[in-house]
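See below for the structure under consideration.
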There are 2 protein chains.
Amino acid sequence: MNVQTFSALAEPHRLAIVELLLDEPLPVGEIAEKLNLNQPQASKHLRILNEAGLVEVHPLANRRIYKLRPEPLQEMDMWLDSYRRMWEMRMDRLEDYLNDLQKKN
Amino acid sequence: MNVQTFSALAEPHRLAIVELLLDEPLPVGEIAEKLNLNQPQASKHLRILNEAGLVEVHPLANRRIYKLRPEPLQEMDMWLDSYRRMWEMRMDRLEDYLNDLQKKN
DNA sequence: GCAAAATATTCCTTGACTGGAATATTCCTA
DNA sequence: TAGGAATATTCCAGTCAAGGAATATTTTGC
């Protein structure tokens with residue numbers, strides 16, 4: 001699993017940007033406006049998200065539309081696979097426990 | 001989604017600790033040894049993982065066994081749900097595209 | 001209670017990150 | 001081609017995080 005993805009999402013404004021872009025691609029100006037950021041701050045955060053591969057840019061007239069890229073999140077999803085097994089095992093044990101309870105009563 | 005989880009996992013050593021603890025709970029000393037960390041560094045990282053809820057401690061004799069907690073990762077899993085929809089939609093479109101190709105030939 | 005093992009904390013220094021302000025760049029349109 | 005809108009970059013100051021070294025704390029067993 002790539003640490004850069006976590007690092008990019010570890011900043012509240014950047015996480016907010018990603019969640020915002022889930023709805024639809026947006027130009028810098030609107031992102032800044034919706035999140036109450038100054039435009040330079042928005043650009044800087046988008047740069048980092050871009051370097052982490054979490055977004056991609058599509059120029060449109062004199063604006064730049066930023067759009068979510070699924071790959072890093074898919075990687076996260078795959079990474080979580082191993083951990084899902086862990087907590088499902090715990091769930092199984094809980095089921096066993098509840099079954100035992102039922103048998104005893 | 002809680003930024004603290006990402007923040008905790010954004011440090012390579014801490015990510016390594018989490019991945020190490022997936023196999024089995026371990027005392028500080030062994031964690032430090034397996035990851036080539038000084039003991040104080042290991043303790044400091046474990047403190048942060050603990051504050052983020054990613055691990056829990058169980059004292060055993062004069063050692064402290066650190067163990068993975070699934071909750072934050074489950075939260076991540078739930079958070080990813082929204083994004084899964086996104087990339088599955090893209091996959092669907094890919095399927096449509098491939099179907100079209102087949103019909104044409 | 002004391003020594004030793006295991007772990008936690010503190011202090012210090014250094015490097016990285018963030019926001020603000022100013023400025024530069026890019027690209028469209030008239 | 002000049003002006004203006006949209007965006008990117010730079011510079012600066014303040015803050016925060018990480019590692020190293022030293023030290024403190026806790027717990028056990030004798």
Side-chain angles (χ1 to χ4, degrees), chain A residues 1-69 72, chain B residues 1-21 23-69 72 76:
Chain A
M1 176 68 205
N2 190 0
V3 168
Q4 206 183 0
T5 306
F6 289 134
S7 184
L9 297 173
E11 208 281 332
H13 290 137
R14 285 197 293 268
L15 183 57
I17 291 179
V18 166
E19 293 179 341
L20 184 59
L21 291 184
L22 179 56
D23 287 336
E24 50 175 349
L26 287 174
V28 178
E30 283 195 45
I31 295 174
E33 187 184 357
K34 298 205 186 202
L35 300 179
N36 275 322
L37 292 175
N38 300 327
Q39 174 270 316
Q41 273 43 287
S43 281
K44 282 189 262 187
H45 284 309
L46 285 165
R47 184 215 235 274
I48 293 181
L49 289 172
N50 187 45
E51 284 168 357
L54 277 160
V55 300
E56 61 189 21
V57 204
H58 296 278
L60 180 65
N62 61 349
R63 288 176 309 170
R64 313 193 81 212
I65 312 294
Y66 279 87
K67 182 181 168 191
L68 220 48
R69 282 189 71 240
Chain B
M1 177 68 205
N2 190 1
V3 168
Q4 207 184 0
T5 306
F6 289 135
S7 184
L9 296 173
E11 208 283 329
H13 290 135
R14 286 199 291 269
L15 183 57
I17 291 179
V18 166
E19 292 179 341
L20 185 58
L21 292 184
D23 287 336
E24 51 175 348
L26 287 174
V28 178
E30 283 195 46
I31 295 174
E33 187 185 356
K34 299 205 184 205
L35 300 180
N36 276 322
L37 292 175
N38 300 327
Q39 175 270 317
Q41 274 42 289
S43 281
K44 281 188 263 187
H45 284 309
L46 285 165
R47 184 212 233 275
I48 293 180
L49 288 173
N50 186 45
E51 284 167 358
L54 278 160
V55 301
E56 61 190 20
V57 204
H58 298 276
L60 180 66
N62 62 350
R63 288 176 309 170
R64 316 193 79 211
I65 312 294
Y66 280 87
K67 183 181 168 190
L68 220 49
R69 283 188 71 238
M76 234 173 81

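Numbered from 1 within each chain, the chains take letters A, B, ... in sequence-line order.
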- Message: Which nucleotide wins on minimum distance to the side chain of B:Val28, given the candidates C:dG19, D:dG19, C:dT7?
- Response: C:dT7
- Between C:dT7 atom C1' and B:Leu26 atom CG, what is the distance in whole Å? 15 Å
- From the list A:Lys44, A:Arg69, A:Arg14, side chain to side chain contact (heavy atoms under 4.5 Å, CB included) partner of A:Leu49 resolves to A:Arg14
- Stretch residues 35-66 of chain B: residues that reach within less than 4.0 Å of DNA chain C through a heavy atom: B:Gln39, B:Pro40, B:Ser43, B:Lys44, B:Arg47, B:Asn62, B:Arg63, B:Arg64, B:Tyr66
- Closest heavy-atom pair, A:Ile65 versus A:Pro27, reported as atoms and distance to 0.1 Å, is CD1-CB, 3.9 Å
- Note on the structure: Minimal heavy-atom distance between B:Ile31 and B:Tyr66, with the atoms involved, is CD1-CB, 4.3 Å
- Item | A:Asn38 side chain to A:Pro40 backbone, donor-acceptor under 3.5 Å | no
- Message: Rounded to the nearest 0.5 Å, what separates atom CD1 in A:Ile48 from atom CG in A:Leu54?
- Response: 11.5 Å
- When rounded to whole Å, the CG to C1' distance for the pair B:Leu9 and D:dA17 reads 16 Å
- Once you round it to whole Å, what is the distance between P of C:dC17 and NE2 of A:His13? 17 Å
- Interatomic spacing from CE in B:Met76 to OG1 in B:Thr5 - rounded to 0.5 Å: 8.0 Å
